[in-house]
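Structure record follows, encoded as structure tokens.
Everything numeric here is computed off the predicted structure, so don't read it as measured data.
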Amino acid sequence: MPKITVKDTEVNVVDINGEDYICLTDMLRAKDGDFFITDWLRNRNTLEFIGIWEKVYNPAFNYGEFATIRNQSGLNSFKISVKEFVARTNAISLQAKAGRYGGTYAHKDIAFEFAMWISPEFKVYIVKEFQRLKAEEQRLIGWSAKRELSKINYRIHTDAIKQNLIPSEVSKAQASIIYANEADVLNVAMFGLTAKQWREANPDLKGNIRDYASVNELICLSNMESLNAVFIEQGLPQSKRLIKLNQIAIHQMEVLESGENGRRLLK
């Protein structure tokens, strides 16, 4: 489960139906004194904001029942729990979760308003940290997409090896050596290391050299897999393919990582 740290307070973030919800229970630990979420929820301004949000985003919101709750909010005796509020109004902005990561969660729009109730400073920092979290998630999504593309192109690469470099009479073990050898052509052209050399240099890391490649390196590697498949089909010897691929890798990395052009390609 993703977490953000705001003013030394760890706050959980969960995905509910494709939307980000932030844990108000965690956030409450940053507020001085004994306060409860029900204290915030009974506030008329809070209810007004939630009501407007629900009206915009929730077609099933029971606005009639909400109006009854809102009209009671001015009374000293008025108090309502999140569970009761959700049950009576069919609200989606608030969620009460049980279990290991239990607590009261709110849609990020509502959670940011709750943060203001804690303090203006806390709201500024939680918005900043939440934006950082989403930027990191997008970076990882982009990396994963490029990693999958690299894997797809690698199948094209291995098919070219199978069709052009592996004699029909070789054993599976012998074929594996040929596949690994050709994979290392790409590794050396791109990273300057064979898979074995990388493992020896990084004994504490799991996975392989490509699992630690940057997005730009994965883009370049994906292109090289396709090109090497073409070079193999053209009958170019391995030594010449390695030189050509290394030259291509250097050029493409310079393009991908050069100024505004590099940033534009990664969006």
Side-chain angles (χ1 to χ4, degrees), residues 1-138 140-141:
M1 175 179 291
K3 289 185 178 181
I4 53 180
T5 301
V6 188
K7 303 293 288 181
D8 299 322
T9 302
E10 279 196 346
V11 180
N12 284 308
V13 181
V14 299
D15 182 285
I16 300 177
N17 298 323
E19 295 287 338
D20 291 302
Y21 281 68
I22 301 174
C23 186
L24 304 188
T25 306
D26 292 342
M27 293 168 63
L28 196 61
R29 295 200 303 269
K31 190 169 179 64
D32 295 329
D34 293 328
F35 293 91
F36 303 92
I37 294 171
T38 49
D39 296 329
W40 168 74
L41 189 56
R42 68 185 299 203
N43 183 281
R44 190 176 185 88
N45 290 332
T46 298
L47 289 171
E48 288 284 359
F49 182 80
I50 291 175
I52 294 170
W53 188 95
E54 293 282 350
K55 188 175 181 180
V56 172
Y57 294 104
N58 181 11
F61 186 59
N62 189 334
Y63 205 78
E65 187 66 24
F66 169 76
T68 301
I69 295 171
R70 181 187 56 195
N71 291 338
Q72 294 173 340
S73 62
L75 302 174
N76 291 334
S77 60
F78 171 71
K79 199 169 190 178
I80 190 168
S81 69
V82 169
K83 285 185 178 180
E84 182 184 353
F85 181 80
V86 171
R88 289 176 60 179
T89 65
N90 199 32
I92 61 172
S93 57
L94 299 169
Q95 298 277 337
K97 293 176 64 66
R100 181 180 177 184
Y101 299 107
T104 297
Y105 287 77
H107 187 277
K108 66 179 187 300
D109 297 344
I110 308 300
F112 293 154
E113 291 303 306
F114 182 78
M116 187 69 178
W117 183 68
I118 292 174
S119 76
E121 181 185 27
F122 189 84
K123 180 178 180 179
V124 170
Y125 279 107
I126 198 167
V127 170
K128 181 175 182 291
E129 284 303 303
F130 181 80
Q131 290 173 336
R132 182 199 58 76
L133 173 67
K134 303 315 291 183
E136 177 64 14
E137 287 180 354
Q138 288 301 312
L140 292 176
I141 289 171

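- Under the 3.5 Å distance criterion, the side-chain polar atoms of D20 are left unmatched by any main-chain donor or acceptor of K108.
- Between E113 and D109 there is no side-chain heavy-atom pair separated by less than 4.5 Å.
- Taking the six-membered ring for Trp and thresholds of 30 and 60 degrees, W40 and W117 have ring planes inclined between 30 and 60 degrees apart.
- Side-chain contact between L41 and F114 is absent, with no heavy atoms from C-beta onward closer than 4.5 Å.
- Residues T104 and L28 fail the side-chain proximity criterion, which asks for heavy atoms closer than 4.5 Å.
- Not less than 6.0 angstrom separates the ring centroid of F122 from the ring centroid of Y125.
- A 6.0 Å sphere centred on CG of D15 holds more than 12 heavy atoms belonging to other residues, nucleotides or ligands.
- Shortest non-hydrogen contact noted between Y63 and G51 is CE1-O, 3.9 Å.
- Here the CD1-OG1 distance, from I80 to T89, works out to 7.5 Å after rounding to the nearest 0.5 Å.
- At least one donor-acceptor pair under 3.5 Å links the side chain of D26 to the backbone N or O of N12.
- Smallest separation of non-hydrogen atoms from L47 and R70: CD1-CA, 4.2 Å.
- The two residues A96 and K83 make their nearest non-hydrogen contact at CB-CG, 3.8 Å.
- In this structure, CZ in F36 is found 7.0 Å from NZ in K79, a value given to the nearest 0.5 Å.
- No side-chain heavy atom of H107 sits under 4.5 Å from any side-chain heavy atom of Q95.
- The shortest side-chain heavy-atom distance between I126 and I22 falls under the 4.5 Å cut-off.
- The main-chain N or O of N62 is never found under 3.5 Å from a side-chain atom of R88 such that the two would form a donor-acceptor pair.
- Looking at R44 and N71, their side chains come closer than 4.5 Å, going by heavy atoms from C-beta outward.
- Other residues, nucleotides and ligands contribute more than 12 heavy atoms inside 6.0 Å of the CZ atom of F78.
- Using a distance-only test at 3.5 Å, with no hydrogens or angles considered, a donor-acceptor pair links the side chain of E54 to the main chain of S93.
- Using a 4.5 Å heavy-atom cutoff, the side chains of L94 and L24 are in contact.
- Under the 30°/60° scheme for interplanar angles, the aromatic rings of F61 and F85 are found to be tilted.
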